[in-house]
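Here's the structure we're looking at; comments come further down.
All figures in this text were calculated on a predicted structure; none of them were measured in a lab. Reminder, nothing fancy here: chain letters follow the sequence lines and each chain counts from 1.
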2 protein chains.
Amino acid sequence: MKELIIGVEEKLRAKEHKLTPRRELVLRVLMENSDKHLSAEEVYNLVKVKEPEVGLATVYRTLELFVNFDIINGIDFGDGRKRYEFGAGDDEHHHHHLICIKCGDIIEVDEDLLDALEERVTRDYGFSIVDHELKIFGHCKKCSGE
Amino acid sequence: MKELIIGVEEKLRAKEHKLTPRRELVLRVLMENSDKHLSAEEVYNLVKVKEPEVGLATVYRTLELFVNFDIINGIDFGDGRKRYEFGAGDDEHHHHHLICIKCGDIIEVDEDLLDALEERVTRDYGFSIVDHELKIFGHCKKCSGE
DNA sequence: TTAATTGCAAATGGTTTGCAATATT
DNA sequence: AATATTGCAAACCATTTGCAATTAA
């Protein structure tokens, strides 16, 4: 926990930005919910529990800042709002999402299963890959068993 | 061309909907640009060339209708608006997209390269797959050669 | 004291909706 | 006549932005 916060602080300071109390609050909420994929408004509501004075715009600006610093990244699960998760960091380790279309649960698949596919795309299409995003929709174990 | 239109008409009629002149106009624009991924507003502008009286809401409603009838599907390429393409139809044949982050070009990859991966997800996560969506971001051949 | 951060309210932009007018069955 | 479709303008909703007040270097 603590180390992560310090890590973020250093990351920001390295480019002349700071981890203000408000930003740290946002970071803490993200950390405490790293198993979820919170939307900006959900972060806002959770931040407000700790500090009711914080404005929604600040949350949006902080999330944008964190995205730009590769601390988190934003994903779109098709529900009309961006959601955030801690990024894979600099090590380019991607992960994928299984989205249950019944209960809305999101299951993370940590292994990167696309290596073979990426090779082919690179070779056959002359396309140099920077990033990818795989979403698999279906029914999770719980929801398919009924 | 003609056959596709008739096919759509039958598809709609089967569930008591009709292919009105306005809807056929939208369909024609989509067909004439099936190599692109038009947004609602782009469709609207192209429809207006043929028939300036058409309203934007009609275009949105028509696109929604076509999506519900599995004639087209909407995808989000991360540029803040939905884009549309003819669906794979009933045969469940998926395809993927390579998105050039420099020129914005979208290259379709017709083969479904995810079979092995899907098997693993089904087996290891007990997740029964309904659909998937793979977007690969990077530089296309043209843009990486400079 | 100069620049960055913040809260608020207003603006934005893609999309949806209420409603009255029009067209279809 | 009863129902579906359409255009228009207004509403919606997540997100962004202008600005004045506050805070930090």
task: Calculate the interatomic distance between R81(A) atom CZ and dT16(D) atom C1'; express it in whole Å.
output: 17 Å
message: With a 3.5 Å distance limit and no angle check, can you tell me whether R83(B) reaches the backbone of G74(B) through a side-chain donor-acceptor pair?
response: no
- prompt: OH of Y84(B) versus C1' of dG14(C): gap in Å, rounded?
  reply: 10 Å
message: Using a 3.5 Å distance criterion without hydrogens, assess whether the side chain of E118(A) forms a donor-acceptor pair with backbone atoms of D115(A).
response: no
message: In whole Å, I'd like the distance from the CZ atom of R83(A) to the P atom of dA14(D).
response: 11 Å
message: Without decimals, in angstroms, what is the distance between E51(B) CD and dA23(C) P?
response: 12 Å
query: Given atom NZ of K82(B) and atom P of dA14(D), what is their separation to the nearest angstrom?
result: 14 Å
- request: Could I get the full list of ring pair (Phe, Tyr, Trp, His ring centres under 6.0 Å) partners for H96(B), not counting sequence neighbours?
  value: H132(B)
- request: Send over the distance from D79(B) CG to dT12(C) C1', rounded to a whole Å.
  value: 16 Å
message: Output the rounded distance in Å from CG (L38(A)) to P (dT15(D)).
response: 13 Å
- request: Would you confirm whether the ring centroid of F127(A) sits within less than 6.0 angstrom of the ring centroid of H139(B)?
  value: no
If you restrict it to nitrogen or oxygen atoms, what contacts under 3.5 Å exist between nucleotides 2-10 of chain C and the protein, and what is each distance?
residue: dT5(C); atom: OP1; partner: R23(A); partner atom: NH1; Å: 2.8
residue: dT5(C); atom: OP1; partner: R23(A); partner atom: NH2; Å: 3.3
residue: dT6(C); atom: OP1; partner: T20(A); partner atom: OG1; Å: 2.5
residue: dT6(C); atom: OP2; partner: R23(A); partner atom: NE; Å: 3.4
residue: dT6(C); atom: O3'; partner: R22(A); partner atom: NH1; Å: 3.4
residue: dG7(C); atom: OP1; partner: R22(A); partner atom: NH1; Å: 2.1
residue: dG7(C); atom: OP1; partner: E53(A); partner atom: O; Å: 3.2
residue: dG7(C); atom: OP2; partner: G55(A); partner atom: N; Å: 2.9
residue: dG7(C); atom: OP2; partner: T58(A); partner atom: OG1; Å: 2.3
residue: dG7(C); atom: N7; partner: R61(A); partner atom: NH2; Å: 2.9
residue: dG7(C); atom: O6; partner: R61(A); partner atom: NH2; Å: 3.2

statement: N45(A) CG to dA14(D) C1', in whole Å, measures 14 Å
- line: Note: C100(B) and C140(B) closest approach over all heavy atoms is SG-N, 3.4 Å
query: Reckon Y60(A) has a side-chain N or O less than 4.0 Å from the OP1 or OP2 of dT16(D)?
result: no
message: Quick one about H17(B) and E9(B) (side-chain donor to acceptor, distance below 3.5 Å, no hydrogens or angles considered), yes or no?
response: no
